[in-house]
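Input: a single structure, listed below in structure tokens.
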Amino acid sequence: MTEETKKTEFSRRSVLGGSALAAGIGMMAVGSTLMPQTVHAKGKNEVAPGDLDDYYGFWSGGQSGEVRILGLPSMRELMRIPVFNRCSATGWGQTNESIKILTEHMLPKEKKYWADKGGFPLNGDTHHPHMSFTDGSYDGRYVFINDKANTRVARIRCDIMKVDKIISIPNAASIHGLRPQKFPRTDYIFANGEHRVPLPNDGSVLDDPSKYHAVFSAIDADEMKVAWQVIVDGNLDNVDADYQGKYAIASCYNSEEGVTLAEMTSSEQDWAVIFDIKAIEAGVKAGDFKIYDGDVPVLDGRKGSRYTRYIPISNSPHGVNATPDGKYMMINGKLSPTVSVIEMSRIPDLFKDKIKPRDAIVAEPELGLGPLHTAFDNRGNAYTTLFLDSQICKWSIDKAIQKYQGKDVEPILDKIDVQYQPGHNHTSMGETKDADGEWLISLNKFSKDRYINVGPLKPESEQLIDISGSKMKVVHDGPTFAEPHDCIIVHRSLVNPKNSYGHDDPLFADLTAQAIKDGFESLDEADGIIRDGNKVRVYMYSMAPTFSMEKFTVKQGDEVTVIVTNIDDVDDLTHGFCLSNYGVAMEVPPLGSASVTFMADDPGVHWFYCQWFCHALHMEMRGRMLVEPK
Ligand code: CUK
Ligand code: CUA
């Protein structure tokens, strides 16, 4: 076969499903123009133009610092939510409202460090997006996301799909694993500080590993404040919460507590550490803690503590995943070919020291090389990514337990190649008690030959896999930019965003208060210039296709704040405000406001315009700022 015919063969096969294949090829021989449209069997994942998806996918954006929303099963990217990154389209990182969110919960020492460097970092590294839970399933209120790069946690409001809180985590270094409490509701977000750092980290310690600690944090999800922290042995990696609201379990590597790679991987046994939430809360009440940075109680959960138990797991475990029935917790082996299955009902006895730590393990199937993360369907099956084998392994949890008990059964049910080297995977609703067993996403670290070449930096690759049958089936390949570590797949019935903000949204409380102080009746009627020394506030509203102010005048050296309120009560009518050659641009959402502050240093006439397409006369939606020379 020549390269050309191979390609035709391939594309024909991907169009024609299974039994239609033979008929299709027969017809092609007669002449491809005769092939009737009806031969094209509608794939289960096909969402026709105009049709809506069944699921929201929330994707981390890795080192891009953002979160993305996809529709599934079409895999269409629907929206990007700037979180820790600077966004040119929306003005995130430039508007006063976003700067407040980015800076208000920084630690005092961070504020000091960033004071002369723009105020806050412009990068992030998002790994683990998770939605808030009520009673073991998603409740559609929030999505939480970690920032490994700058040790932060953010919360996204799902009614407007924007971030409303970002907090810095004291005492810890590099927040990696992140999970919400599942039951009875998400009171806490659990967050792993991955890197061990000296505590306190004041520059007096470098090479004394005994002074280095990894810190586990519980964040009050409603207040977005760290409630308590626990020091543990080893490095913290991933974490999951149980379905009873009693325990959180984290994987730990580097039990050697080394600071170099050779030291970190020398031991055969690392561990999973279990946190007893009620015991920790009692310890906080009893005053059994120290305070370091940030006014947060820090408890000692190192070996021998009543707050924790350590279960030995083979070298460098990684993913931690609770089964939808709440019975088991999977610890994925990474450098070991196994997944260790912890039975949650044995944990109380472990804390009472009635059983030995390893007695909590009820199965340890050998699945293949490089198991990183496990996802679940609603039929008792687990799906584990094998990084080194570039495969997904489907296995039966019951059979793995039977095998561990010595029965002659094979837990592995199916293996499928993915392209290539998967990290996380995730099933539809699979981290909730409502796992539905329809879809699996494999997030692959390399795309190699799957797409046309775009230069030395290649996209990563994600694949959609139909898991509703007995055999897994890859039905879609898609490229992704840097680098979705993880995702969740949420049924669309659980998410209900608004179409416009409303001026009473808490996001605009500061602007409203200022507008009233400045003598306006409300924010949406604010239209005029307020001079306050060299501070100038320019209020205008936008209504397609005009700004209420055609021109305004300020003086060179003024600190100008432009406040734009969009009074168009029409779905999907976003305006913008972009000030030419001043580097200023922001999104002005329906029935919402945005403000930006800049120095009017450059004298002359400067056009501002609406940069979000809004009307047939969108191009004409503009005005002038005159900066008078000093
Ligand atoms: S981690 Cu990246 S593949 Cu940050 Cu959840 Cu496992
Ligand atoms: Cu308003 Cu474009």
Side-chain angles (χ1 to χ4, degrees), residues 43-92 124-131 138 140 143-145 154 156-163 418-419 422-429 438-447 450-452 454-455 457-466 474-492 494-497 499 571-572 574 576 587 589 611-613:
K44 190 185 151 200
N45 62 311
E46 190 179 321
V47 180
D51 284 354
L52 300 181
D53 280 295
D54 296 329
Y55 300 90
Y56 288 88
F58 292 90
W59 255 237
S60 60
Q63 63 273 38
S64 73
E66 64 189 15
V67 165
R68 299 167 193 152
I69 306 175
L70 274 71
L72 268 77
S74 75
M75 300 296 289
R76 298 177 290 201
E77 185 182 287
L78 305 175
M79 188 43 65
R80 297 178 171 200
I81 305 173
V83 183
F84 303 108
N85 55 318
R86 168 79 170 84
C87 176
S88 164
T90 60
W92 188 260
D125 187 6
T126 59
H127 285 222
H128 300 116
H130 291 289
M131 186 172 271
Y138 295 136
V143 166
F144 301 90
I145 186 85
I156 294 162
R157 265 174 62 183
C158 293
D159 61 338
I160 52 172
M161 296 299 178
K162 299 277 189 192
V163 171
V418 291
Q419 284 75 23
H424 272 277
N425 61 358
H426 205 90
T427 46
S428 40
M429 297 297 291
E438 291 290 329
W439 301 107
L440 173 72
I441 287 286
S442 179
L443 296 168
N444 310 315
K445 303 298 186 189
F446 299 92
S447 61
R450 299 302 274 192
Y451 312 109
I452 54 173
V454 289
L457 178 62
K458 316 289 186 208
E460 275 92 53
S461 186
E462 60 202 7
Q463 292 179 300
L464 180 70
I465 298 167
D466 183 352
V474 173
V475 295
H476 173 92
D477 268 23
T480 53
F481 184 58
E483 172 203 339
H485 272 259
D486 196 6
C487 66
I488 56 170
I489 306 168
V490 182
H491 194 269
R492 79 175 202 216
L494 300 168
V495 182
N496 191 18
N499 286 315
D571 287 1
D572 198 8
T574 295
E587 162 203 3
Q611 89 281 25
W612 281 79
F613 207 103

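FYI, the numbering just counts along the sequence from 1.
Partners of His491 by ring-ring contact (aromatic ring centres under 6.0 Å, His included), not counting sequence neighbours, listed by chain and number: Tyr55. With sequence neighbours excluded, the residues satisfying side chain to side chain donor-acceptor pair (under 3.5 Å) with Gln419 are Gln463. Every residue meeting the side chain to side chain donor-acceptor pair (under 3.5 Å) condition with His424, not counting sequence neighbours, appears here in chain and number order: His128, His373, Asp486. Applying the side-chain contact (heavy atoms from CB on, under 4.5 Å) test to Pro497 and every residue at least two apart in sequence or in another chain returns Tyr56, Met161, Val495. With sequence neighbours excluded, the residues satisfying side-chain contact (heavy atoms from CB on, under 4.5 Å) with Ala89 are Cys87, Trp612. Every salt bridge (Lys or Arg N to Asp or Glu O under 4.0 Å) that Glu587 has, sequence neighbours left out, goes to Lys162. Partners of His127 under the ring-ring contact (aromatic ring centres under 6.0 Å, His included) rule, at least two apart in sequence or in another chain, are His176, His485. Residues meeting the ring-ring contact (aromatic ring centres under 6.0 Å, His included) test with Phe613, sequence neighbours left out: His618. In terms of the side-chain contact (heavy atoms from CB on, under 4.5 Å) criterion, Asp572 has no residue partners (sequence neighbours excluded). Not counting sequence neighbours, Gln63 has no partner by the side chain to side chain donor-acceptor pair (under 3.5 Å) test. Residues forming a side-chain contact (heavy atoms from CB on, under 4.5 Å) with Arg80 (at least two apart in sequence, or on another chain): Glu66, Arg68, Glu77. Tyr138 pairs by the ring-ring contact (aromatic ring centres under 6.0 Å, His included) definition with Phe133, not counting sequence neighbours.
The line from CD1 of Ile488 to OG of Ser60 is 10.5 Å long, rounded to the nearest 0.5 Å. If you take CD1 on Ile160 and CG on Asn499, they are separated by 13.0 Å, rounding to the nearest 0.5 Å.
The shortest non-hydrogen separation linking Val143 to Pro129 is CG1-CB, 4.2 Å. Scanning both residues, Lys44 and Pro73, for their nearest heavy atoms gives O-CG, 4.1 Å. Among all heavy-atom pairs drawn from Ser64 and Gly61, the shortest one is OG-O, 2.5 Å. Looking at every heavy atom in both residues, Pro82 comes nearest to Thr90 through CG-OG1, 3.7 Å. Nearest heavy atoms, Pro422 versus Asn444: CB-OD1, 3.4 Å. Residues Glu460 and Ala482 approach most closely at OE1-CA, 3.7 Å, considering heavy atoms.
Considering Asn45, Asp54, Val490, Leu464 as possible partners of Leu72, the one that fulfils the side-chain contact (heavy atoms from CB on, under 4.5 Å) test is Leu464.
Side-chain contact between Pro459 and Thr480 is absent, with no heavy atoms from C-beta onward closer than 4.5 Å. Taking 4.5 Å as the limit, every side-chain heavy atom of Lys458 sits out of range of all side-chain heavy atoms of Phe446. In this structure, the side chains of Leu52 and Arg492 come closer than 4.5 Å at one or more pairs of heavy atoms. Ile156 has its side chain out of reach of Phe144: every pair of non-hydrogen atoms, C-beta onward, lies at least 4.5 Å apart. Looking only at side-chain heavy atoms (C-beta outward), Met75 and Glu462 come within less than 4.5 Å of each other. A 4.5 Å side-chain heavy-atom check between Phe58 and Ile69 finds at least one atom pair inside the cut-off. Between Asp477 and Tyr451, some side-chain heavy-atom pair lies under the 4.5 Å cut-off. Between Asp466 and Trp439 there is a side-chain heavy-atom pair separated by less than 4.5 Å.
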Next item on the list: Using the side-chain contact (heavy atoms from CB on, under 4.5 Å) rule, take Ile465 and Ser442 through it: C-alpha gap first, then chi angles, then the decisive distance, then the call.
Entry: CA-CA 8 Å; Ile465 298 167; Ser442 179; 4.1 Å; yes
Practice item. Show your working on side-chain contact (heavy atoms from CB on, under 4.5 Å) between Ile441 and Ile489 and close with a plain yes or no. Key: CA-CA 9 Å; Ile441 287 286; Ile489 306 168; 3.7 Å; yes
Discussion item. Determine whether Met131 and Cys158 satisfy the following criterion, side-chain contact (heavy atoms from CB on, under 4.5 Å), listing intermediate values before the conclusion.
Written reply: CA-CA 9 Å; Met131 186 172 271; Cys158 293; 4.0 Å; yes
Could you check Ile145 against Val163 for side-chain contact (heavy atoms from CB on, under 4.5 Å), going step by step and ending with a plain yes or no? CA-CA 10 Å; Ile145 186 85; Val163 171; over 6 Å; no
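Side-chain atoms of Asn425 never come within 3.5 Å of backbone atoms of Gly423 as a donor-acceptor pair (strictly under, hydrogens ignored). Here the side chain of Trp92 pairs a donor or acceptor atom with the backbone of Val83 at under 3.5 angstrom.
Ion pairing of Arg76 with Asp53 is present here, as a side-chain N (NZ or NE/NH1/NH2) and a carboxylate O approach within less than 4.0 Å.
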